[in-house]
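Note sheet for the following structure.
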There are 2 protein chains.
Amino acid sequence: MLNTPHPARATIVDVARAAGVSRQTVSNAINSPERVSPDTLSRVLQVVEELNYRPSSAARTLRHQRAGAVGTELNAVTGTPSDVALPFLTALTLAAPGHACHMVPFASREAFPMLSGYQDMVRRRLVDAFVLTDTHPADPRPDWLEQAGIPYASFGRIYDDSSRVWWADVDGSAGTSAAVAHLAETGFRTVGFLGWPAGSAVGDDRRLGWLAGVEQHGLALGPEAAAPQSLRQAISAAERLLDGLAVGDAIVCASDVLALGVQQAALARGWRPGRDIGITGFDGSATAQLHGISTLVQPLDEIAEHLLTLVHDQLAGAPAPTRGALFLPTLTVGASTVTTSTKGTP
Amino acid sequence: MLNTPHPARATIVDVARAAGVSRQTVSNAINSPERVSPDTLSRVLQVVEELNYRPSSAARTLRHQRAGAVGTELNAVTGTPSDVALPFLTALTLAAPGHACHMVPFASREAFPMLSGYQDMVRRRLVDAFVLTDTHPADPRPDWLEQAGIPYASFGRIYDDSSRVWWADVDGSAGTSAAVAHLAETGFRTVGFLGWPAGSAVGDDRRLGWLAGVEQHGLALGPEAAAPQSLRQAISAAERLLDGLAVGDAIVCASDVLALGVQQAALARGWRPGRDIGITGFDGSATAQLHGISTLVQPLDEIAEHLLTLVHDQLAGAPAPTRGALFLPTLTVGASTVTTSTKGTP
DNA sequence: ATCGTTCATTTGAACGTTCATAATGTGTCC
DNA sequence: GGACACATTATGAACGTTCAAATGAACGAT
């Protein structure tokens, strides 16, 4: 970027001169209007509008020693980015102005996550804090950030240490449990599960919700299977699963891609999703929407809002919360669980 | 965001003191090393490393009257965001540091695009320029930005006025033409087309490439159909199209979602994609990747790089190019065009 | 020895804002 | 009428950086 100046825009002294007051009065009119008398206030604000004045964020930053910006890393390494990455970034971007800040994305082709990227942003004082995504066990970032005294909030729980509380996450088991409830209402009596290979905290959580839901609603426990987050492997796992099920049964899935696999496998054997087999996914991704799969939509707006509140609290020196925050996903019904005929209620 | 200060970090005077030189010498050591004698240079740089010093971007911005940031609007209105929006933003974010800047996303739930958002960023001097996406005929943004003297570059051509040249786009006809070439090589002899309803500049362009490709390679012109960017409608359009085709023929599509529709319709009648019917999509989206559809991948890195160069040139006062820039997509072969048997070459 | 030249380095000022504090005006109470 | 509280507005300084201009040192040429 070049170093030649902009076309001049109004500064606070221009406004002050035009309104016949001092710098500080203009500043007060904008930042603490109660301090300035009603008539000067209106006069100043009118000039502000006329000259289209807004305080320079750079000058503010320099004065306050606050960037008014939150960094967030984009995953530029994995070929297939997460389905919710963009909606989540959008939610953050929308929530940011309400917290008097803006988002600054950064990324690296080398690795994800990339500690040096965080370091760089901090040293140049481009951001005050970070929002983390894709945190995993043994993630170095929370450690490093706390060591450096840099506020952060994570979308997704932080595993290593339960004393880490600056996070918000989706309540996975409540989600799958709600999916089972919906299937029960819709008339499905046997519910299986397609999850990820055991050991992933998120996946195990979602599986528990399925178990609990089936028990709670007095349904029959269908078979379960696992596959990684790949359509091909989801399809073959689904085929095995369908062998153990009959028309009129349902499958709860730990992700939308897995659910898509079930849908494709069902279609391949002539079962109509929603009618012959109930399918629910998880994440509310564009994929689910595209294929008409009922899915658990993550409340990304609420989560983004909460995460920015968390970093704000840290910047304000507020005490840490006692635990991370869980948010309930909401079921969006698609064709994959629609009732088009009465199912086997005795 | 709050107004209490950061944990103190080293400033240029700290470095100067520690190195026993003046502010300006440190500044020179960083910005124009050739101006400072070799031994002081190394001494200063060593202290810079020890203290982990980096110039404050806010102070730089204030001094240079340059934000060193480029704004870009995220579409928060349409339910289904574009498949390439995130990869494109990632490409921009990766390219930005090479242009000594960073990206600042913004969005609004009200409308897309939202002029007041651009206005606000400019008034607060948060960004120097914008990268536009989803430009459409009668888009108010290019007009407004040029009027205001604000540099911009658009991903996607600007329609109204051929004197508008600050854009880069994908060469759609070259892309579909390359897809036809690939189908010809793979052994398909008849190639149909599934596009969008006539009238969209992008769609019409891609259709022309299909026509040209078929002619150039001496293939038989298959039937064509059109559907909007919706899976359901793509499937029904594809069904009609398949009625007019036989096993061993192929369909070039104007988008990945359309191609997905063809794939689903083909599967529904027992035709194996790639073997019984060739299918190509367009955009290189995650959808295509997920479903193994051959697609024309947009060179997003190149385009992002070029767009940032365009805004840089404008900031530098460089003369406008004579026309917008077109970039060639590259075909990624998936299962939907794979050769698993010899096809009807006589 | 003096003067100009060149190179390395330093000093003063400015970018636009807000904090801390000072100055001014207005009214109230005794 | 003077003192005091209070509300309103104004002034100086500082945030960290870089530009423009000034200083000082070294060196040849006269």
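Basis for what follows: all heavy atoms, side chains included, without hydrogens, waters or symmetry-related copies. Predicted, not measured: the structure shown is a model, and the values here were computed from it. A, B, ... follow the sequence lines: proteins, then strands. Residue 1 opens every chain.
Dashed line: the shortest gap from a side-chain N or O of B:S37 to OP1 or OP2 of C:dT9 is under 4.0 Å.
Using a cutoff of 4.0 Å between basic side-chain nitrogens and carboxylate oxygens, A:D39 and A:R43 are not scored as salt-bridged. Looking at B:R141 and B:D134, no side-chain N of the basic residue comes within less than 4.0 Å of a carboxylate O on the acidic one, giving no salt bridge.
No engagement by B:R124 is indicated, since no non-hydrogen atom pair under 4.0 Å with the nucleic acid exists. A:T61 comes within contact range of no nucleotide atom at all, as no heavy-atom separation falls under 4.0 Å.
Side-chain N/O atoms of B:R60 and B:N31 include a donor and acceptor closer than 3.5 Å. For the 3.5 Å distance criterion, the side chains of B:T25 and B:S22 qualify, holding a donor opposite an acceptor. In this structure, a donor-acceptor pair under 3.5 Å is absent between the side chains of A:D139 and A:T135.
Summarising the geometry, the separation between CZ on B:R60 and P on C:dA14 is reported as 22 Å, rounded to the nearest angstrom. Nucleotide D:dA14 holds its P atom 17 Å from the NE2 atom of A:H64, rounded to whole Å. In this entry the distance linking CG of B:D39 with P of C:dT9 reads 7 Å, nearest Å.
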For nucleotides 21-26 of chain C, tabulate all protein N/O to nucleotide N/O atom pairs closer than 3.5 Å, reporting atom names and distance.
none

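When side chains are defined from C-beta on, B:V311 does not count as touching B:D128, because their heavy atoms never get closer than 4.5 Å.
Taking the centre of each ring, B:Y118 and B:Y152 stay at or above the 6.0 Å mark.
Listed by residue number, B:R23, B:Q24 are the residues of residues 16-25 of chain B with a heavy-atom contact under 4.0 Å to DNA chain D.
Taking the six-membered ring where the residue is Trp, A:F327 and A:H306 present perpendicular rings, their angle passing 60° and hence far from 30°.
Of the candidate nucleotides C:dG16, D:dT9, C:dT10, D:dT9 has the atom nearest to the side chain of A:V36.
Contact of A:R63 with C:dT17 (side chain to base): no donor-acceptor pair of N or O atoms is detected under 3.5 Å.
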